[in-house]
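Model, not experiment: these values are computed from the prediction.
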Amino acid sequence: METRAGVVVLRGHRELYERTWHLFDKAREVTFAASDVRTWASHNQPPMQGRIRKLYRPGVLLDPTSAQHARHVAATGAQVRITTSDLNETIIVDRRVAILAGDDRTFTVVWIPNVVQAVLTLFNTVWSQSKSLADYERAYGDLWEIAPRILELLGSGAPDTRAAKAMGMPLRIYRRRVNDLLATLGADSRFQAGARARELGLI
């Protein structure tokens, strides 16, 4: 643990839980932003009774377990939305404390008012441009079921005409699905999509 005025850096989920559980115990509003449902994983998450907003990247829907978790959270009353925008993995509690996730599973807890407000403003901007979980899943239809096969074909280097035939769909539809998948993975190229899929354990 490292501490400065208005900031503390915590290492690992255990320390995060031990030092912050009390913030959630009586929280009236909690917002989450995460690329991966495991970012804020804890075996001892405290119950939250207030307003809960969760913002995820579309990649969570490509993993059945993560997708089921997102749907469960929505079914229990939280607002769950999906964004294709880049986001910093963050929790904001009662608009007064922000918890920022680091790449090496360190977590920076900040309670400097101006900093927390700036983080909340960024979150609200992305939130306003996102789609509800239900709307996003309806918009992309069967992408979640066919994504593994598309990734396999992309990885094999098969030309689009051959890949479309293997998928049993018109070339135009196949290319549209590939573009949908790239957007879902937050990838700018097919190569980057493959790398991102490997990171997520999809291939």
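Taking V109 as the reference, V8, L10, T20, V97, I99, W111 meet the side-chain contact (heavy atoms from CB on, under 4.5 Å) condition, with sequence neighbours excluded. Residues satisfying the side chain to side chain donor-acceptor pair (under 3.5 Å) criterion with T65, sequence neighbours excluded, are absent altogether. Listed by chain and number, the residues in a side chain to side chain donor-acceptor pair (under 3.5 Å) with S66 are D63 (sequence neighbours excluded). For R162, there are no salt bridge (Lys or Arg N to Asp or Glu O under 4.0 Å) partners two or more places apart in sequence or in a different chain. The side chain to side chain donor-acceptor pair (under 3.5 Å) check on Q192 picks up nothing, with sequence neighbours excluded. With sequence neighbours excluded, the residues that form a side-chain contact (heavy atoms from CB on, under 4.5 Å) with A166 are R149, L153. By the ring-ring contact (aromatic ring centres under 6.0 Å, His included) test, F107 pairs with H13, W40, sequence neighbours left out. Every residue two or more places apart in sequence or in another chain that forms a side-chain contact (heavy atoms from CB on, under 4.5 Å) with L171 is listed here: D160, T161, A164, R175. Partners of T90 under the side chain to side chain donor-acceptor pair (under 3.5 Å) rule, at least two apart in sequence or in another chain, do not exist in this structure. Listed by chain and residue number, T31, R51, R53, D94, R95 satisfy the side-chain contact (heavy atoms from CB on, under 4.5 Å) test with E29 (two or more places apart in sequence, or in another chain). When the salt bridge (Lys or Arg N to Asp or Glu O under 4.0 Å) test is applied to E137, the partners found at least two apart in sequence or on another chain are R71.
Looking at heavy atoms from C-beta onward, I150 lies in side-chain contact with R177 at the 4.5 angstrom threshold. Contact check for L16 versus W21: no side-chain heavy atoms found under the 4.5 Å cut-off. Annotation: side chain of Y56 is not in contact with side chain of S35 (no heavy-atom distance under 4.5 Å). No side-chain heavy atom of N114 sits under 4.5 Å from any side-chain heavy atom of V116. For the pair V30/F32, a side-chain contact is recorded, criterion being any heavy-atom separation below 4.5 Å from C-beta on.
For the residue pair T121 and Q117, a side-chain donor N or O sits within less than 3.5 Å of a side-chain acceptor on the partner. With 3.5 Å as the limit, one finds a donor-acceptor pair spanning the side chains of S130 and R81.
Taking OG from S132 and CD1 from I82, the interatomic distance works out to 9.0 Å, rounded to the nearest 0.5 Å. In this structure, M167 CE and I146 CD1 are separated by 4.5 Å, a value rounded to the nearest 0.5 Å. The distance from the CE atom of M169 to the OH atom of Y174 is 8.5 Å, given to the nearest 0.5 Å. One distance of note links CZ of R57 with OG1 of T83; it measures 6.5 Å at 0.5 Å rounding. For the atom pair D180 CG and L143 CG, the distance stands at 6.0 Å (nearest 0.5 Å). Atom CG of residue L61 and atom CG of residue L133 lie 6.0 Å apart, to the nearest 0.5 angstrom.
Placement of F191 and L151 in two distinct hydrophobic clusters is found when ILVMFWY residues are connected by side-chain heavy-atom separations under 4.5 Å, directly or transitively. No path of Ile, Leu, Val, Met, Phe, Trp and Tyr side chains, each step under 4.5 Å between heavy atoms, connects V126 with L122, placing them in separate hydrophobic clusters.
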Worksheet entry | side chain to side chain contact (heavy atoms under 4.5 Å, CB included) evaluation trace for L100 with N88 | CA-CA 7 Å; L100 313 175; N88 294 318; 5.7 Å; no
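Closest heavy-atom contact between R19 and H22: O-CE1, 3.0 Å. Between P58 and A183, the shortest heavy-atom distance links the atoms CG-O, 4.4 Å.
Evaluation of the salt bridge (charged side-chain N to carboxylate O under 4.0 Å, His left out) test over residues 122-135, restricted to residues two or more places apart or in two chains, returns D135-R138.
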